[in-house]
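Scroll down for the structure; my scribbles are underneath it.
Numbers for residues simply follow the sequence, beginning at 1. Everything quoted here is computed from the prediction, not taken from an experiment.
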Amino acid sequence: MVCPNSNPLVEKVCELYEQISRLENLSPSKDVNILFTDLVHTCMPPNPIDVSKLCQKIQQIRSHLIKLCGQAEGLLESHFSKILASYENPLQHLHIFPYFDNYIKLSLLEYNILTKNTTNIPKKIAFIGSGPLPLTSLVLATKHLTTTYFHNYDIDVDANSMAAALVAADPDLSSRMTFHTADIMDVTCALKDYDVVFLAALVGMDKEDKVKVVDHLAKYMSPGATLMLRSAHGARAFLYPVLDPRDLRGFEVLSVYHPTDEVINSVIIARKLPVPCVQPLDGLGAYVLPSKCACAEIHAFNPLNKMNLVEEFALEE
């Protein structure tokens, strides 16, 4: 385990954590903006640090800091979603969001990774954890996947209401975008309808919760469907949870990409492996392979499959 005193980066992060944790409110304000901007700039440069090897105290600080970042990000998105909703056509003013350019770059990156690893334009995409300002869905739908239908999932009904208001005035997007209020762990057979599933970085605030979500997706996504995940690498793991590609049980990992610019999130793309459905013969211990298997029965089979980890690659924008 690494002692915090031996690493100037960790010392700086801990210093910022102390200041952020003393804030009375994480809603957008001068103090909040300054501290979180400083935190992002501290963690953004490429750094070989492995956060999993830090001491327990720093691990606890990191875990709490990620939750604080998630809360601040949600409040920031809600704040700007309300401002955008005041415009006659909100989609023409998305640029007022301070990190809109980052979403433009991240969406282009994910689109390029998707097209390099798939052959067909997806007909239906699910975005899990879309929030009150679903910028990834909006950018992909307007700039890259202009015929695809997007189903946005969020557990917060207010977030979905704010998000839906942004596309209400646009005839095209309002017909191609649906917002579902649900815990994704309660969504089962509907997941088989999607060609691609995006999992937001802050769905599952720690590794254990995120792995549970991935395991759930592995049970219900269609074989051959694509899973796009966001993770973090190096010092950026102080901002977002890390997902190890080896934890993607039931998926073949196609590629892993770690940006080195202002795009914070790493991107993992994986393909759902075929899952044979087995049913016990009445009164016998043997199993048969049916020609068709009901969705509700898929979860009864828990394959431990081999995973093909593809070497990380550098993608040119």
(request) Determine, stepwise, if the pair Lys67 / Asp206 fulfils salt bridge (Lys or Arg N to Asp or Glu O under 4.0 Å). (result) CA-CA 9 Å; Lys67 293 177 181 177; Asp206 55 40; 5.6 Å; no
(message) For a quick check under 3.5 Å, do Ser266 and His233 share a side-chain donor-acceptor pair by atom type?
(response) no
(message) Could you check whether Glu73 and Tyr99, counting side-chain N and O atoms only, form a donor-acceptor pair closer than 3.5 Å?
(response) no
(request) Indicate yes or no: at least one non-hydrogen side-chain atom of Leu106 is less than 4.5 angstrom from one of Arg230. (result) yes
(message) If we ignore hydrogens and angles and just use 3.5 Å, is the side chain of Thr148 paired with the main-chain N or O of Pro122 as donor and acceptor?
(response) yes
(request) Using modelled atom types only, decide if a donor and an acceptor are shared between the side chain of His144 and the backbone of Val139 within a distance under 3.5 Å. (result) no
(request) Could you go through the side chain to side chain contact (heavy atoms under 4.5 Å, CB included) check for Leu227 and Val196 one step at a time? (result) CA-CA 6 Å; Leu227 178 62; Val196 181; over 6 Å; no
(message) Please give me the minimum heavy-atom distance between Val187 and His216, naming the atom from each residue.
(response) O-NE2, 2.6 Å
(message) Let me confirm one number: the OG-CD distance from Ser52 to Gln59, rounded to the nearest 0.5 Å.
(response) 7.0 Å
(request) Find the distance between NZ (Lys219) and CG (Leu191) and round it off to the nearest 0.5 Å. (result) 12.0 Å
(request) Measure from the side-chain N and O atoms of Ser175 to the backbone N and O of Asp172, and report whether any donor-acceptor pair falls under 3.5 Å. (result) yes
(request) Taking all heavy atoms of Ala141 and all of Leu173, pick out the closest pair and write down the distance. (result) CB-CD2, 3.6 Å
(request) Before giving the answer on side chain to side chain contact (heavy atoms under 4.5 Å, CB included), spell out for Phe238 and Leu54 the whole-Å C-alpha distance, their side-chain angles and the decisive distance to 0.1 Å. (result) CA-CA 11 Å; Phe238 283 106; Leu54 297 173; 3.6 Å; yes
(message) In this structure, would Leu114 and Tyr149 fall into the same cluster of hydrophobic residues linked by side-chain contacts under 4.5 Å?
(response) no
(message) For Phe198, run the ring pair (Phe, Tyr, Trp, His ring centres under 6.0 Å) check against Tyr153, Phe127, Tyr111 and tell me which one passes.
(response) Phe127
(request) Would you check if Tyr87 and Leu91 make a side-chain contact, meaning some heavy-atom pair closer than 4.5 Å? (result) no
(request) Heavy atoms only: give me the nearest Thr226-Met221 pair and the separation to one decimal. (result) O-CE, 3.6 Å
(message) Quick check: do Val256 and Val267 have side-chain heavy atoms less than 4.5 Å from each other?
(response) no
(request) With rounding to the nearest 0.5 Å, note down the distance linking CG in Leu84 to CG in Leu133. (result) 6.0 Å
(message) Is there a side-chain contact between Ser81 and Leu166 in this structure, where contact means two heavy atoms from C-beta onward sitting under 4.5 Å apart?
(response) yes
(request) Report yes or no: do Ile34 and Leu65 belong to one cluster of Ile/Leu/Val/Met/Phe/Trp/Tyr joined by side chain heavy-atom distances under 4.5 Å? (result) no
(message) Between Tyr240 and Asn265, is the side chain to side chain contact (heavy atoms under 4.5 Å, CB included) condition met? List the steps.
(response) CA-CA 8 Å; Tyr240 290 102; Asn265 292 119; 3.4 Å; yes
(message) Under a plain distance cut-off of 3.5 Å, with no hydrogens placed, do Asn25 and Ser27 share a side-chain donor-acceptor pair?
(response) yes
(request) Would you give the length of the straight line joining atom CZ of Phe97 to atom CG of Leu135, rounded to the nearest 0.5 angstrom? (result) 6.0 Å
(request) Starting at CD1 of Ile155, measure out to CD1 of Ile184 and round the result to the nearest 0.5 Å. (result) 10.0 Å
(request) Enter the distance from Ser161:OG to Phe179:CZ here, rounded to the nearest 0.5 Å. (result) 10.0 Å
(request) Of all the heavy-atom pairs spanning Asp261 and Met44, show the shortest one and how long it is. (result) O-CG, 3.8 Å
(request) Without swapping roles, check the side chain of Thr115 against the backbone of Asn112 for a donor-acceptor pair under 3.5 Å. (result) yes
(message) For a quick check under 3.5 Å, do Ser231 and Arg236 share a side-chain donor-acceptor pair by atom type?
(response) no
(message) Contact between Val213 and Leu199 at the side-chain level, heavy atoms closer than 4.5 Å - yes or no?
(response) yes
(request) Using modelled atom types only, decide if a donor and an acceptor are shared between the side chain of Lys272 and the backbone of Ala218 within a distance under 3.5 Å. (result) yes
(message) Do His64 and Tyr17 make a side-chain contact, defined as non-hydrogen atoms from C-beta onward lying under 4.5 Å apart?
(response) yes
(message) Treating Asn160 as the side-chain partner and His180 as the backbone partner, does any N or O pair qualify as donor plus acceptor under 3.5 Å?
(response) yes
(request) Flag the pair Phe100 / His95 as yes when their ring centroid distance falls below 6.0 Å, and as no otherwise. (result) no
(request) Pick out which of Leu243, Leu229, Asp247 makes a side-chain contact (heavy atoms from CB on, under 4.5 Å) with Lys210. (result) Leu243
(message) For the backbone of Leu138 and the side chain of Thr142, can you confirm whether one donor and one acceptor N or O come within less than 3.5 Å of each other?
(response) yes
(message) Please determine whether residues Leu202 and Val157 belong to a single hydrophobic cluster, defined as Ile, Leu, Val, Met, Phe, Trp and Tyr linked transitively by side-chain heavy-atom distances below 4.5 Å.
(response) no
(request) Please name the pair of heavy atoms, one in Val51 and one in Gly234, separated by the smallest distance, quoted to 0.1 Å. (result) CG1-O, 3.9 Å
(message) Please determine whether the number of non-hydrogen atoms from other residues, nucleotides or ligands lying under 6.0 Å from atom CD1 of Ile121 exceeds 12.
(response) no
(request) Using the side-chain contact (heavy atoms from CB on, under 4.5 Å) rule, pick out the option among Asp215, Val214, Leu217, Val211 that qualifies with Leu248. (result) Val214
(message) Any non-hydrogen side-chain atom of Tyr257 less than 4.5 Å from a side-chain atom of Ile113?
(response) yes
(message) Is any side-chain heavy atom of Arg62 closer than 4.5 Å to one of Val242?
(response) yes
(request) For Ile104 and Lys143, run side chain to side chain contact (heavy atoms under 4.5 Å, CB included): C-alpha distance rounded to whole Å, both residues' side-chain angles, the deciding distance at 0.1 Å, then the answer. (result) CA-CA 9 Å; Ile104 292 288; Lys143 294 184 177 295; 3.6 Å; yes
(request) Might you point out which heavy atoms bring Leu68 and Ile20 nearest each other, and give the distance in Å? (result) CD1-CG2, 4.0 Å
(request) Report yes or no: do Ile96 and Met162 belong to one cluster of Ile/Leu/Val/Met/Phe/Trp/Tyr joined by side chain heavy-atom distances under 4.5 Å? (result) no
(message) I'd like to know if the side chain of Asn33 reaches the main chain of Ser29, judged simply by a donor and an acceptor atom lying under 3.5 Å from each other, with no hydrogens or angles considered.
(response) yes
